[in-house]
Trainee: 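Please find one structure pasted underneath; my questions will follow.
What you see is a predicted model, and the numbers here were worked out from it, not measured in a lab.
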Amino acid sequence: MKSLIFSVAALAAMPVLAGEAVTPPPAEDWTDAVKRALVLYENEDTFVQKVSLAFRQQWQMAVVQPNGSNGLHLKDGASPYNCEFRRSWLGVNVDMKTGTRFHTYMRFGGLPIRETYSGGRTKRNFSYTDLYDIYISQKIGDKGLTLRAGKFAHKFTSDLRESNAEIEAIERSLICNQFGLDTNWGVELEYKPDKANQLFVQLFANDRASASKSLSHTDCYRDGRGLKGEFGWEDKCFIIIGGTHKFNVTEHGYHAISAEYLHDFNNAYHGRRKPGANNYGAGFKDAISIGYEYKKDKLTFTTNLVAAFEQQTGNGSNNIGLQLQPVYALTPQVDLVFRYVGMMGDGACKLGGDRYICTQTTTPAWVDSLHTFYFGVDLYASPKNKHAAKLMFGAEYTTARKGGSDCYNGWEFSTAVRVNF
């Protein structure tokens, strides 16, 4: 026994004796202390193993600056300045011995400093609360199969497969915002046998509330009263099938390809509408997304190509879009971000996904073509937990055309502080 102990100790000491440096475990920092403080209960021997709070905040301000003669697009009386708590969420996670997790986020909006243009003037928005998401997930067996049901975000496009706590730009790109979805009620079956592969199927109800909803609609829940959606026999659903595969994985990086297919079973296309139907789905009848991600050391490069068919709210035209996004880690605490997005489609490119351009200018929500160029810098408070707290700066130039002529050209300058635990 003594010789065995001596042999093990000698083997453990060999790198040191050979002059090799031993990498120490990452030192804990203040973000680890905050995470521990949010754990209300933890005991692996009980049925409920862990109860923890989740906290996410994002305050941001922006300036919409139409270019040159485009100044006429700024709405009369509208301020180019905007500020708001873009995200203000408080949630809870409950993990159980059976592989079950309960998760929810309560969203507080308006708080009440969001500047919006309404009724000929810029004013502060109202406050409201609702459930951003609420779901139960259940692990099935030990082969990487998980079932989830409730209200949560979909995974269509490379942008939306990434948590909004971890996106590198201040706002998501227009290539994903054109689908007009936040979180929806549905079910998901995910298969993730290892770190390199993932397959999933998501089925969502078309319950996206809008300003045109009818208060007489079956089981209508009004905005700001908890559920923010409508349900009824008239509504249909949409489905997303997708997967991701990583390959050539090394200590320096990897390659990854992804693909998703979306189909909306709603009952209104090409201007045909069933009486009582409300279109709160994906906005297109069919859509395909193909993504490629390359990572090597400090560089991460993402490409996403999207083709969408039969726009639901317009004349049924199609749309094709491309996103290119390199991110370079200048230091462990500083990232440089660039993003290009281009889209084409007869009245089928959604510029309205850019919140401030949409609310502060006369630019139409749907255009024939658009191009955006985003330049950003992200500063992280903790190199260990990068997305726990960060300061973000971004400048995005947008040019859009409709009916053969320019309908908007200009900049949007943004700053955001994002905290996520």
Side-chain angles (χ1 to χ4, degrees), residues 64 66-67 70 73 154-162 167-182 238 240 242 258-264 269 279 281-293 301-326 337-359 361-376 394-412 414:
V64 175
N67 185 36
N70 270 259
H73 289 298
H154 71 80
K155 298 176 180 177
F156 189 75
T157 74
S158 298
D159 255 8
L160 286 165
R161 281 187 288 103
E162 193 170 37
I167 56 176
E168 287 85 1
I170 294 177
E171 295 286 358
R172 297 190 189 273
S173 71
L174 295 180
I175 201 172
C176 69
N177 282 347
Q178 66 175 329
F179 296 98
L181 296 169
D182 198 351
F238 65 95
I240 300 173
S258 61
E260 299 95 38
Y261 167 68
L262 181 152
H263 177 73
D264 195 325
Y269 293 95
N279 302 320
F284 292 86
K285 185 175 183 179
D286 292 281
I288 299 171
S289 172
I290 299 174
Y292 169 72
E293 182 179 346
F301 185 79
T302 303
T303 304
N304 194 200
L305 179 66
V306 173
F309 307 94
E310 296 195 40
Q311 181 202 354
Q312 185 169 315
T313 57
N315 56 11
S317 58
N318 302 330
N319 165 296
I320 186 168
L322 174 67
Q323 176 179 342
L324 304 174
Q325 181 172 303
V337 183
F338 172 77
R339 181 177 68 198
Y340 163 75
V341 171
M343 284 197 290
M344 295 183 295
D346 184 14
C349 303
K350 190 173 184 180
L351 182 60
D354 189 316
R355 304 153 45 80
Y356 302 128
I357 290 178
C358 180
T359 59
T361 74
T362 59
T363 305
W366 292 89
V367 297
D368 298 335
S369 66
L370 62 83
H371 302 273
T372 69
F373 302 87
Y374 177 93
F375 307 88
E396 186 168 41
Y397 186 81
T398 300
T399 176
R401 293 176 62 86
K402 184 176 178 64
S405 60
D406 291 348
C407 61
Y408 183 81
N409 290 289
W411 287 93
E412 179 176 308
S414 303

Trainee: Can Asp286 and Leu262 be said to form a side chain to side chain contact (heavy atoms under 4.5 Å, CB included), step by step?
Mentor: CA-CA 6 Å; Asp286 292 281; Leu262 181 152; over 6 Å; no
Trainee: Please lay out, stage by stage, how Met343 and Lys350 fare under the test side chain to side chain contact (heavy atoms under 4.5 Å, CB included).
Mentor: CA-CA 9 Å; Met343 284 197 290; Lys350 190 173 184 180; 5.6 Å; no
Trainee: Do Phe284 and Phe309 have ring centres separated by under 6.0 Å?
Mentor: no
Trainee: Please report the closest heavy-atom contact between Gly347 and Asp368, naming both atoms and the distance.
Mentor: N-OD1, 2.7 Å
Trainee: Looking just at side-chain N and O atoms, do Gln178 and Asn319 make a donor-acceptor pair shorter than 3.5 Å?
Mentor: yes
Trainee: Does the plane of the ring in His154 sit parallel, tilted or perpendicular to the ring in Phe238? Use 30° and 60° as the thresholds.
Mentor: perpendicular
Trainee: Ignoring hydrogens and angles, state whether a donor on the side chain of Gln325 or Thr302 is under 3.5 Å from an acceptor on the partner side chain.
Mentor: no
Trainee: Do Ile320 and Leu305 pass the side chain to side chain contact (heavy atoms under 4.5 Å, CB included) test, and can you show the C-alpha distance, the side-chain angles, and the key distance before you say yes or no?
Mentor: CA-CA 8 Å; Ile320 186 168; Leu305 179 66; 4.3 Å; yes
Trainee: Can you check ring-ring contact (aromatic ring centres under 6.0 Å, His included) on Phe156 and Phe179, steps first, answer last?
Mentor: CA-CA 9 Å; Phe156 189 75; Phe179 296 98; 5.0 Å; yes
Trainee: Side chains of Thr372 and Arg339: donor-acceptor distance under 3.5 Å anywhere?
Mentor: no
Trainee: Would you please test Glu396 and Thr398 for side chain to side chain contact (heavy atoms under 4.5 Å, CB included) and show each step?
Mentor: CA-CA 6 Å; Glu396 186 168 41; Thr398 300; 4.2 Å; yes
Trainee: If you compare all heavy atoms of Val306 against all heavy atoms of Thr157, which two are closest, and at what distance to 0.1 Å?
Mentor: CG2-CG2, 4.0 Å
Trainee: Can you name the side-chain contact (heavy atoms from CB on, under 4.5 Å) partners of Ala395, sequence neighbours left out?
Mentor: Trp411, Phe413
Trainee: Report yes or no: do Tyr292 and Asn304 form a side-chain donor-acceptor pair below 3.5 Å?
Mentor: no
Trainee: Hey, can you tell me if His371 and Tyr340 have their rings parallel, tilted or perpendicular (30° and 60° cut-offs)?
Mentor: parallel
Trainee: Ignoring hydrogens, what is the shortest heavy-atom contact between Phe301 and Thr303? Give both atom names and the distance.
Mentor: CE2-OG1, 3.1 Å
